Amino acid sequence: MTRGIALVRRPSGRLAEGLVTHIERSDVDIAQARRQHEAYRAALTEAGWQVREVAPADQCPDSVFVEDTVVVCDGLAVITRPGAPERRPEIPGTEKAVRDAGLEVVRIEAPGTLDGGDVLQVGTTVYVGRGGRTNGEGIAQLRAHLATRGRRVIPVPLRDVLHLKSAVTALPDGTLLALPELLDATALRQPVRTVDEEAGCHVVPLGGDLVLLAASAPRTAALVADLGFTPVVVDISEYEKLEGCVTCLSVLIPEV
Ligand SMILES: CN(C)C(=N)NCCC[C@H](N)C(=O)O
(Lines give C-alpha, C1' and ligand atoms only; values in the text may rest on other atoms or scores of the structure.)
Protein backbone atom coordinates (compact mmCIF):
# COMPACT_ATOMS: atom_id res chain seq x y z
CA MET A 1 0.00 0.00 0.00
CA THR A 2 1.32 3.45 -0.84
CA ARG A 3 -0.28 6.61 0.50
CA GLY A 4 1.35 8.68 -2.23
CA ILE A 5 4.64 10.40 -2.97
CA ALA A 6 6.69 12.26 -0.36
CA LEU A 7 9.14 14.71 -1.91
CA VAL A 8 12.28 15.36 0.13
CA ARG A 9 15.62 17.02 -0.65
CA ARG A 10 18.88 15.96 0.98
CA PRO A 11 20.64 18.64 3.03
CA SER A 12 23.19 20.82 1.27
CA GLY A 13 26.81 20.63 2.45
CA ARG A 14 26.31 24.35 3.19
CA LEU A 15 23.34 23.69 5.53
CA ALA A 16 25.05 25.46 8.44
CA GLU A 17 24.87 28.73 6.46
CA GLY A 18 21.06 28.55 6.31
CA LEU A 19 18.97 31.59 7.17
CA VAL A 20 18.15 32.40 10.78
CA THR A 21 15.68 35.20 11.45
CA HIS A 22 13.96 34.90 14.83
CA ILE A 23 16.45 32.84 16.88
CA GLU A 24 20.16 33.02 17.76
CA ARG A 25 22.47 31.24 15.33
CA SER A 26 24.09 28.08 16.74
CA ASP A 27 26.47 25.51 15.23
CA VAL A 28 24.91 22.89 12.98
CA ASP A 29 26.45 19.40 12.93
CA ILE A 30 26.14 18.40 9.26
CA ALA A 31 26.92 14.70 9.86
CA GLN A 32 24.18 14.57 12.49
CA ALA A 33 21.83 16.48 10.15
CA ARG A 34 22.41 13.86 7.45
CA ARG A 35 21.65 11.02 9.89
CA GLN A 36 18.50 12.81 11.05
CA HIS A 37 17.38 13.29 7.45
CA GLU A 38 17.89 9.59 6.77
CA ALA A 39 15.75 8.73 9.81
CA TYR A 40 13.11 11.25 8.66
CA ARG A 41 12.97 9.59 5.23
CA ALA A 42 12.73 6.17 6.88
CA ALA A 43 9.79 7.35 9.02
CA LEU A 44 7.94 8.45 5.87
CA THR A 45 8.65 5.14 4.14
CA GLU A 46 7.53 3.21 7.21
CA ALA A 47 4.29 5.21 7.25
CA GLY A 48 3.53 4.08 3.68
CA TRP A 49 4.87 6.98 1.60
CA GLN A 50 6.98 6.50 -1.52
CA VAL A 51 9.91 8.81 -0.82
CA ARG A 52 11.16 10.61 -3.92
CA GLU A 53 14.17 12.90 -3.88
CA VAL A 54 14.26 16.32 -5.48
CA ALA A 55 17.69 16.79 -7.10
CA PRO A 56 20.06 18.22 -4.47
CA ALA A 57 20.83 21.95 -4.65
CA ASP A 58 24.17 22.08 -2.92
CA GLN A 59 24.68 25.79 -3.55
CA CYS A 60 21.47 26.55 -1.57
CA PRO A 61 21.96 26.16 2.20
CA ASP A 62 18.21 26.03 2.95
CA SER A 63 17.23 23.67 0.11
CA VAL A 64 16.45 20.80 2.51
CA PHE A 65 13.35 22.81 3.54
CA VAL A 66 11.63 21.71 0.34
CA GLU A 67 8.14 22.56 1.63
CA ASP A 68 8.79 26.25 0.99
CA THR A 69 9.15 25.79 -2.78
CA VAL A 70 5.76 24.33 -3.72
CA VAL A 71 2.15 24.04 -2.56
CA VAL A 72 0.39 20.88 -3.74
CA CYS A 73 -3.41 20.72 -3.82
CA ASP A 74 -5.56 18.16 -5.65
CA GLY A 75 -3.19 17.43 -8.54
CA LEU A 76 -2.06 21.06 -8.83
CA ALA A 77 1.46 22.23 -7.93
CA VAL A 78 1.79 25.94 -7.22
CA ILE A 79 5.48 26.73 -7.57
CA THR A 80 6.24 29.43 -5.03
CA ARG A 81 8.38 32.55 -5.21
CA PRO A 82 10.19 32.46 -1.85
CA GLY A 83 10.25 35.70 0.12
CA ALA A 84 14.00 35.32 0.70
CA PRO A 85 15.61 35.97 -2.73
CA GLU A 86 18.57 33.69 -1.93
CA ARG A 87 16.16 30.74 -1.81
CA ARG A 88 14.76 31.25 -5.33
CA PRO A 89 17.46 29.09 -7.05
CA GLU A 90 15.84 26.15 -5.20
CA ILE A 91 12.81 26.37 -7.50
CA PRO A 92 13.89 24.64 -10.76
CA GLY A 93 14.68 21.32 -9.05
CA THR A 94 11.30 21.27 -7.32
CA GLU A 95 9.51 22.16 -10.54
CA LYS A 96 11.13 19.23 -12.33
CA ALA A 97 10.15 16.86 -9.51
CA VAL A 98 6.47 17.87 -9.50
CA ARG A 99 6.30 17.67 -13.31
CA ASP A 100 7.84 14.17 -13.12
CA ALA A 101 5.15 13.30 -10.55
CA GLY A 102 2.52 14.21 -13.15
CA LEU A 103 1.12 17.33 -11.47
CA GLU A 104 -0.30 20.34 -13.30
CA VAL A 105 2.07 23.26 -12.67
CA VAL A 106 1.30 26.97 -12.11
CA ARG A 107 3.45 29.57 -10.41
CA ILE A 108 3.50 32.60 -8.14
CA GLU A 109 4.82 35.51 -10.22
CA ALA A 110 6.62 38.74 -9.20
CA PRO A 111 5.88 40.92 -7.33
CA GLY A 112 4.15 38.16 -5.40
CA THR A 113 6.09 36.24 -2.76
CA LEU A 114 4.92 33.08 -1.03
CA ASP A 115 6.66 30.39 1.04
CA GLY A 116 5.07 26.96 1.32
CA GLY A 117 5.66 27.08 5.08
CA ASP A 118 3.02 29.81 5.21
CA VAL A 119 0.33 27.58 3.72
CA LEU A 120 -1.75 25.30 5.96
CA GLN A 121 -4.45 23.21 4.29
CA VAL A 122 -7.29 21.91 6.48
CA GLY A 123 -10.02 20.30 4.41
CA THR A 124 -11.15 22.88 1.86
CA THR A 125 -9.83 25.78 3.94
CA VAL A 126 -6.34 27.08 3.19
CA TYR A 127 -4.81 29.39 5.79
CA VAL A 128 -1.96 31.58 4.54
CA GLY A 129 0.40 33.43 6.87
CA ARG A 130 1.00 37.09 6.07
CA GLY A 131 4.44 37.73 7.51
CA GLY A 132 8.04 38.35 6.51
CA ARG A 133 8.10 35.88 3.59
CA THR A 134 4.61 35.99 2.03
CA ASN A 135 3.01 39.20 0.76
CA GLY A 136 -0.53 40.20 -0.18
CA GLU A 137 0.10 39.74 -3.89
CA GLY A 138 1.35 36.20 -3.29
CA ILE A 139 -1.79 35.43 -1.25
CA ALA A 140 -4.01 36.84 -4.03
CA GLN A 141 -2.31 34.70 -6.68
CA LEU A 142 -2.56 31.57 -4.51
CA ARG A 143 -6.27 32.31 -3.90
CA ALA A 144 -6.91 32.47 -7.67
CA HIS A 145 -4.99 29.23 -8.32
CA LEU A 146 -6.68 27.26 -5.53
CA ALA A 147 -10.18 28.53 -6.39
CA THR A 148 -9.91 26.14 -9.35
CA ARG A 149 -9.78 23.34 -6.76
CA GLY A 150 -12.70 24.64 -4.68
CA ARG A 151 -10.48 25.94 -1.88
CA ARG A 152 -11.10 29.03 0.27
CA VAL A 153 -7.97 30.99 1.18
CA ILE A 154 -7.94 32.81 4.54
CA PRO A 155 -5.01 35.15 5.39
CA VAL A 156 -3.58 34.98 8.92
CA PRO A 157 -1.39 37.88 10.15
CA LEU A 158 1.79 36.62 11.90
CA ARG A 159 3.85 38.12 14.73
CA ASP A 160 7.58 37.47 15.35
CA VAL A 161 7.58 34.07 13.69
CA LEU A 162 9.04 32.78 10.43
CA HIS A 163 6.07 30.97 8.89
CA LEU A 164 2.43 30.20 9.64
CA LYS A 165 3.35 26.55 10.18
CA SER A 166 5.94 27.63 12.75
CA ALA A 167 2.92 28.63 14.86
CA VAL A 168 0.02 26.35 13.91
CA THR A 169 -0.62 23.00 12.19
CA ALA A 170 -3.53 20.55 12.17
CA LEU A 171 -4.21 17.07 13.50
CA PRO A 172 -5.90 14.54 11.17
CA ASP A 173 -9.35 15.52 12.53
CA GLY A 174 -8.76 19.20 11.69
CA THR A 175 -8.09 20.32 15.28
CA LEU A 176 -5.43 23.03 15.20
CA LEU A 177 -2.40 22.88 17.52
CA ALA A 178 -1.19 26.42 18.03
CA LEU A 179 0.93 28.93 19.88
CA PRO A 180 -1.74 31.68 19.70
CA GLU A 181 0.63 34.49 20.79
CA LEU A 182 2.42 34.18 17.43
CA LEU A 183 -0.56 34.81 15.16
CA ASP A 184 -3.95 36.44 14.84
CA ALA A 185 -5.96 33.46 16.10
CA THR A 186 -9.28 35.20 15.35
CA ALA A 187 -8.69 34.26 11.70
CA LEU A 188 -8.80 30.53 12.50
CA ARG A 189 -12.09 28.70 11.83
CA GLN A 190 -11.28 25.25 13.28
CA PRO A 191 -11.18 24.32 16.99
CA VAL A 192 -7.79 25.32 18.48
CA ARG A 193 -5.78 23.53 21.16
CA THR A 194 -3.00 25.56 22.70
CA VAL A 195 0.29 23.70 23.15
CA ASP A 196 2.86 24.45 25.85
CA GLU A 197 6.09 23.74 23.92
CA GLU A 198 7.20 25.41 20.71
CA ALA A 199 7.68 22.33 18.56
CA GLY A 200 4.29 21.08 19.75
CA CYS A 201 2.49 23.16 17.16
CA HIS A 202 4.39 21.43 14.33
CA VAL A 203 2.69 18.21 13.26
CA VAL A 204 2.23 16.40 9.95
CA PRO A 205 -0.71 14.02 9.51
CA LEU A 206 0.78 11.00 7.69
CA GLY A 207 -2.49 9.26 6.88
CA GLY A 208 -4.76 7.14 9.07
CA ASP A 209 -4.09 7.98 12.70
CA LEU A 210 -0.35 8.63 12.22
CA VAL A 211 1.00 12.02 13.29
CA LEU A 212 4.62 13.02 12.70
CA LEU A 213 6.22 15.33 15.25
CA ALA A 214 9.62 16.25 16.66
CA ALA A 215 11.39 14.64 19.61
CA SER A 216 11.61 18.14 21.12
CA ALA A 217 7.85 18.07 21.76
CA PRO A 218 7.42 15.16 24.23
CA ARG A 219 4.38 16.62 26.02
CA THR A 220 2.60 17.10 22.70
CA ALA A 221 3.45 13.54 21.66
CA ALA A 222 1.70 12.41 24.87
CA LEU A 223 -1.28 14.67 24.09
CA VAL A 224 -1.49 13.30 20.53
CA ALA A 225 -1.51 9.73 21.90
CA ASP A 226 -4.12 10.70 24.50
CA LEU A 227 -6.36 11.97 21.69
CA GLY A 228 -6.21 8.51 20.09
CA PHE A 229 -3.62 9.21 17.39
CA THR A 230 -0.29 7.44 16.92
CA PRO A 231 2.72 9.75 17.29
CA VAL A 232 5.66 9.14 14.93
CA VAL A 233 8.59 10.88 16.58
CA VAL A 234 11.74 12.04 14.76
CA ASP A 235 14.75 13.94 16.07
CA ILE A 236 15.34 17.02 13.87
CA SER A 237 17.43 19.07 16.28
CA GLU A 238 19.95 20.20 13.61
CA TYR A 239 17.12 21.61 11.46
CA GLU A 240 15.47 23.31 14.44
CA LYS A 241 18.68 25.35 14.81
CA LEU A 242 17.73 26.90 11.44
CA GLU A 243 14.06 27.46 12.31
CA GLY A 244 13.02 24.29 10.53
CA CYS A 245 10.38 21.87 11.75
CA VAL A 246 8.89 18.52 10.71
CA THR A 247 6.59 20.08 8.09
CA CYS A 248 9.40 21.82 6.16
CA LEU A 249 11.37 18.70 5.26
CA SER A 250 8.83 17.14 2.88
CA VAL A 251 5.93 17.76 0.52
CA LEU A 252 3.26 15.07 0.59
CA ILE A 253 1.42 14.28 -2.66
CA PRO A 254 -1.41 11.95 -1.63
CA GLU A 255 -2.61 9.30 -4.08
CA VAL A 256 -5.92 10.33 -5.60
C1 LIG B 1 7.34 25.81 8.47
N2 LIG B 1 8.70 26.21 8.24
C3 LIG B 1 9.36 26.70 9.40
C4 LIG B 1 9.25 26.09 6.97
N5 LIG B 1 8.54 25.67 6.08
N6 LIG B 1 10.51 26.45 6.63
C7 LIG B 1 11.65 26.69 7.40
C8 LIG B 1 12.75 27.35 6.62
C9 LIG B 1 13.93 27.69 7.46
C10 LIG B 1 15.01 28.40 6.69
N11 LIG B 1 16.18 28.55 7.51
C12 LIG B 1 14.57 29.78 6.24
O13 LIG B 1 14.74 30.74 6.99
O14 LIG B 1 14.05 29.92 5.13
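For ligands, and for the atoms within them, numbers begin at 1 and follow the listed sequence. In what follows, residues are counted from 1 in the order of the sequence shown. Computed from a prediction, not measured in an experiment: that's the story for all the values here.
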Enumerate the atoms of ligand 1 whose separation from the nearest heavy atom of [X] is less than 4.0 angstrom.
{"X": "Thr247", "value": "1 (C)"}
{"X": "Glu67", "value": "1 (C), 4 (C), 5 (N)"}
{"X": "Cys245", "value": "1 (C)"}
{"X": "Ser166", "value": "3 (C)"}
{"X": "Arg133", "value": "12 (C), 13 (O), 14 (O)"}

Note the single closest protein heavy atom to [atom], along with its residue, its atom name and the distance in Å.
{"atom": "atom 9 (C) of ligand 1", "answer": "Leu242 O, 3.3 Å"}
{"atom": "atom 8 (C) of ligand 1", "answer": "Asp68 OD2, 3.4 Å"}
{"atom": "atom 3 (C) of ligand 1", "answer": "Glu243 O, 3.2 Å"}

>> Does ligand 1 come near enough to Cys248 that some N or O of the ligand is less than 3.5 Å from an N or O of the residue?
In response: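 No; the residue has no nitrogen or oxygen that sits under 3.5 Å from a nitrogen or oxygen of the ligand.
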
> So, is Arg87 polar-close to ligand 1, with some N/O to N/O distance under 3.5 Å?
Replying inline: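 Checking ligand 1 against Arg87, an N or O pair does fall under 3.5 Å apart.
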
Crowded around [X] [atom1]? As in, over 12 foreign heavy atoms under 6.0 Å?
{"X": "Asp173", "atom1": "CG", "result": "yes"}
{"X": "Glu46", "atom1": "CD", "result": "no"}
{"X": "Glu198", "atom1": "CD", "result": "no"}

> Checking side-chain hydrogen bond (donor to acceptor under 3.5 Å, both in side chains) for the pair Gln36/Ser237: CA distance, chi angles, key distance, verdict?
Replying inline: CA-CA 8 Å; Gln36 290 179 349; Ser237 60; 2.8 Å; yes

> For Thr69, does its backbone N or O pair with a side-chain atom of Thr80 as donor and acceptor, under 3.5 Å?
Replying inline: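 Judged by distance alone, yes, a pair lies under 3.5 Å.
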
> Are the side chain of Asp118 and the backbone N or O of Val128 linked by a donor-acceptor pair below 3.5 Å?
Replying inline: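 Pair absent, no side-chain N/O of Asp118 close to backbone of Val128.
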
> Under 4.0 Å between a Lys/Arg side-chain N and an Asp/Glu carboxylate O for Glu238 and Arg35?
Replying inline: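 No.
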
> Taking atom 10 (C) of ligand 1 as the point of reference, which of Asp62, Val119, Leu120, Asp115 owns the nearest heavy atom?
Replying inline: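 Going through Asp62, Val119, Leu120, Asp115 one by one, Asp62 has the nearest heavy atom to atom 10 (C) of ligand 1.
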
